[in-house]
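Can you read through this structure? Questions will come right after.
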Amino acid sequence: MQDLPDAPWIRDAELNGYPEPDPVHCPICGDEADTFYLQDGIVIGCNNCVEETDADPAFLD
């Protein structure tokens, strides 16, 4: 059986590592985001621009 060398991009990844992914930015505030919040499949904000609060029944009145 013939020994085939790895493809050049595989050798490059083994030598130099895989490049870091590009940061993801929120379409609402523009900050880097870890989490997006959706409503009906549409982004309404991220973990930087959406304020979290407890579910308070008085808030709904």
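Predicted model only: the values in this text are computed from it and were never measured.
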All heavy atoms of C26 vs all of G45, minimum pair found to be SG-C, 4.1 Å

P23: partners by side chain to side chain contact (heavy atoms under 4.5 Å, CB included), with sequence neighbours left out: H25, E32

Among residues at least two apart in sequence or on other chains, which ones pass side chain to side chain contact (heavy atoms under 4.5 Å, CB included) with E14? D6, I10

Taking side chain to side chain contact (heavy atoms under 4.5 Å, CB included) as the test, write out the residues that go with I42, two or more places apart. none

For I44, the other hydrophobic cluster members (4.5 Å side-chain criterion, sorted by chain and number) are Y37, V50

Taking only residues at least two apart or on different chains, which pairs with a member in residues 43-52 satisfy side chain to side chain donor-acceptor pair (under 3.5 Å)? none

Nearest 0.5 Å, please: how far is CD1 in I28 from SG in C46? 8.5 Å

Applying side chain to side chain contact (heavy atoms under 4.5 Å, CB included), can you list everything that pairs with D12, at least two apart in sequence or on another chain? N16

